[in-house]
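Down below is the structure, laid out as structure tokens.
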Amino acid sequence: MDLLRRNNVKVLGRGTRPLVFAHGFGCDLNAWRDVIPSFEDDHRVVLFDHVGSGGSDLSAYVSGKYASYDGYVDDVLEVLDALDLTEVAFVGHSAAANMGLLAAIRQPERFSSLVLVAPSPCFIDDGDYRGGFTREDIEGLLEVLDSNFLGWSRAMAPTIMGNDDRPELGDTLSASFCRTDPDIAREFARVVFLSDHRADVPRCRTRSLVLQTQQDMIAPVEVGHFMHRHLPDSELVLMTATGHCPHMSAPSETSEAIRRFLDR
Amino acid sequence: MPDRSGIPEETADELYDDAPVGYLTLAADGTILRGNRTLAGWLGLPDMTELLGRKLQQILTPGSRIFYETHCAPILRVEPALRQIALDLRRRDGSRLPGLVEWRRIDGPGGALLGHRFMVVDATDRRAYERELLAERERARASAEALARLNAELEARVEARTAELVQLRKMESLGQLTGGVAHDFNNLLTPIVACLDILQRRAALDARNAALVAGAAEAAERARLLVSRLLTFARRQHLEARPVDLAGLVAGLGDLVARAVGPMVDLAIEAEPGLPPARVDPNQLEMALLNLCVNARDAMSGAGPLSIRLDAVEAEAVPGAHLAPGRYLRLRVRDAGIGMAPEILSRAAEPFFTTKAPGRGTGLGLSMAEGLARQSGGALAIDSAPGQGTTVSVLLPEAEAAPAPLPVPPPEPPRPGPARTVLLVDDDALVRAGVADMLRDLGHAVAEAASGAAALDLLDGAAPDLLVTDFAMPGLDGRALVAAARQRHPRLPALLITGFAHLAASELGDLPRLAKPFSQVQLAQAVERAVASVPAAADD
């Protein structure tokens, strides 16, 4: 099996220091479009799609394997191994922040540092812990996923973006959205929003940066503090950017924060 | 242009506020800057003031908020529009308003993202239909899966039945082959037995030659037995089926079995009390039971427990045996021997298949028992696994009539009766010559014919005392010949000789018959029986 094709791996940049970007739930590698230019001069930039997302090989999606983060973590480590990367700086957004965390626990020697963008180890409220959601909320999400990927909206997908005059659409977020497989989306949503990896956070010894935005309605600021408190070797940066995707809404602030952390 | 009705033209604000869709203007981060009255009303608000400055995410249900943040917000950053998105809005009272949403990007100077025009339609009905459709689709999928499962099961069953059928066909053709070979052997044995018989009776042999002839006769007798077993497998044995008290038969055979299996085998015989009789040929069953017990002994290397159990079961209780409905007597022979692996088990009842050392078994025991059971309207079932021993069940149909006492063997016949004229018909010259010799030796005058037609020519003249004819002949067969002969001589006694002992009475009529090969004594008896079966009358 060609791992690089399976995970739609792209290697860019003119440097040697490996910098790997991993996208979150609902996105694909295009999400990093505005962040990577500032690293291409002095890094070996690696982008990839999780199996089931973006331009990955959908036929490689095996339900059992991807029913937990383990399958995704296996893939991350396989890709790093296939590219023979060590001393890796790994930037993971949201769901991929957890993948980076778990991968670094499994193979600490592989990683030099982690950048966790809008991370959350657990989205469900639990006692004093405020994840932001209840199980019923997640059921609601699954229903909305069905409506968009199984229902009438799905039939409208080709016209959703109304971009017939843009041939490059084949490699965009919109195209990913249109290609979404409803069963994969449901299962990925369950993995992301129903997993609880709080107990794993303190086990990660890799040097880490937590990037927390204002008014993130998916991963609230309390969760950013939780991560910083429990990650043994971590820094927390409270960004001025708002929302759950600072790498898209505020690419400069995001890349500057990453660069400052990596260069230290 | 003023309208003559006096109704003022609607203003753009009216159009905006009262349109049947909800409108919002959003900043790039989703902050609500403006909205229409329709949307405020849908959300249970008097007007939009309460929402201004809040974010779009705050009027979405939590699930939709996640979908918006993970799937929509990223696209809205880079694409000019996003259409036909299903999102649920949250009303003031907490209830859900299913919506269908579109965004159009508002660019600032230099193409920077300023914000979005947001439009939502009430999709309550549509989403309800959609849920129903999705549920229907799920049901259809489940049905299709169930159907596929059923299909796979059916295919597996068909495959199993096909394998069974192939085995049955194989056994059937083996049976036909065996039957044919046995028939030919019988034809060959007939003159051999006849010649040896005559030699023993008539020739003045010295001691050495007499011993040689006796050895040959004994070998011929063994060949006859072997052929008779083959015919049993081929289900072409002539069975003397009658009601038999199996418990009595098994008990009577106990001593013989015990002797056959030896002192190291611990033999136990159990019979359910009050069992009805079975319909079977008792002599053949005895032989089959003896064979099964010897097999059991060999499977235990001559030592171990061997049980013979007798009970009654309904056909449904033995599903694999393909029995006609009804009650069956079940005779089970169980050993604690090495058992059989499936591949051996599947071939166990094939004729000549044996796992015994050369010379230790013919491979006919089980096939013969199965042939007997099937020809009797029952079945034979083998239950075995390596190390688990073997149980062979012989199932025989229950007889309706009460069992007859075992017949007393007929006494040795008296010396053959008076000399008669016999017309002998057989297409096989060797057989004909042998039988003719035997008849002449008995003192009869014999005319020979090689076919039915030749025989009829002879019969156009005076009638013989007896017509002896082979059954299976090209052209006119034995039965037709007899019928044609009786057109000429209605009370002509006739005797059929046949190598196919299985032929039913319906095929032979009630004509006396004699199975090949036979001894001179048997032939003499049959001749007398045949003559006696037709009362002499002065018809010509």
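Chain A is the first sequence line, chain B the second, and so forth, proteins listed ahead of strands; every chain is numbered from 1.
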Member of A/Val237, A/Val20, A/Leu209, A/Leu19 meeting the side-chain contact (heavy atoms from CB on, under 4.5 Å) criterion with A/Val115: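 Going through the options one by one, the only one that passes is A/Leu209.
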
Keeping to residues at least two apart or across chains, list the side chain to side chain donor-acceptor pair (under 3.5 Å) pairs with something in residues 50-59 of chain A. A/Arg5-A/Asp57, A/Asp57-A/Ser59

Side chain to side chain donor-acceptor pair (under 3.5 Å): pairs with one or both residues in residues 56-68 of chain B, sequence neighbours excluded: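 Every pair satisfying side chain to side chain donor-acceptor pair (under 3.5 Å) with a residue in residues 56-68 of chain B: B/Gln57-B/Glu69, B/Thr61-B/Ser64.
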
Measuring from [X]:[atom1] to [Y]:[atom2], what's the distance to the nearest 0.5 Å?
X	Y	atom1	atom2	value
A/Phe21	A/Phe39	CZ	CZ	5.0 Å
B/Leu82	B/His71	CG	NE2	11.0 Å
A/Glu187	A/Ile184	CD	CD1	8.5 Å

Main-chain N/O of [Y] paired to [X] side chain as donor or acceptor, under 3.5 Å:
X	Y	result
A/Gln214	A/Met239	yes
B/Arg91	B/Arg96	yes
A/Asn7	A/Phe48	no

Which of residues 19-43 of chain B have a heavy atom under 4.5 Å from any heavy atom of chain A?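 Near chain A, by residue number: B/Asp29.
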
Stepwise side chain to side chain contact (heavy atoms under 4.5 Å, CB included) check, A/Ile218 with A/Phe123: CA-CA 8 Å; A/Ile218 301 294; A/Phe123 287 95; 3.4 Å; yes

For chain B, find which of A/Gln215, A/His247, A/His93 contributes the most heavy-atom pairs closer than 4.5 angstrom. A/Gln215

Determine, stepwise, if the pair A/Tyr66 / A/Tyr61 fulfils ring pair (Phe, Tyr, Trp, His ring centres under 6.0 Å). CA-CA 7 Å; A/Tyr66 297 104; A/Tyr61 191 91; 5.0 Å; yes

Between chain A and each of B/Ala73, B/Pro62, B/Ala123, B/Cys72, count heavy-atom pairs under 4.5 Å; write down the option with the most. B/Pro62

Side-chain H-bond candidate by donor/acceptor type, A/His244 with A/Asp216, under 3.5 Å: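 A donor-acceptor contact under 3.5 Å links the two side chains.
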
Heavy-atom contacts under 4.5 Å, residues 131-143 of chain A to chain B: A/Phe133, A/Asp137, A/Ile138, A/Gly140, A/Leu141, A/Glu143

Toward chain B, the part of [X] with a non-hydrogen atom under 4.5 Å:
X	answer
A/Cys27	both
A/Thr242	side chain
A/Phe193	side chain

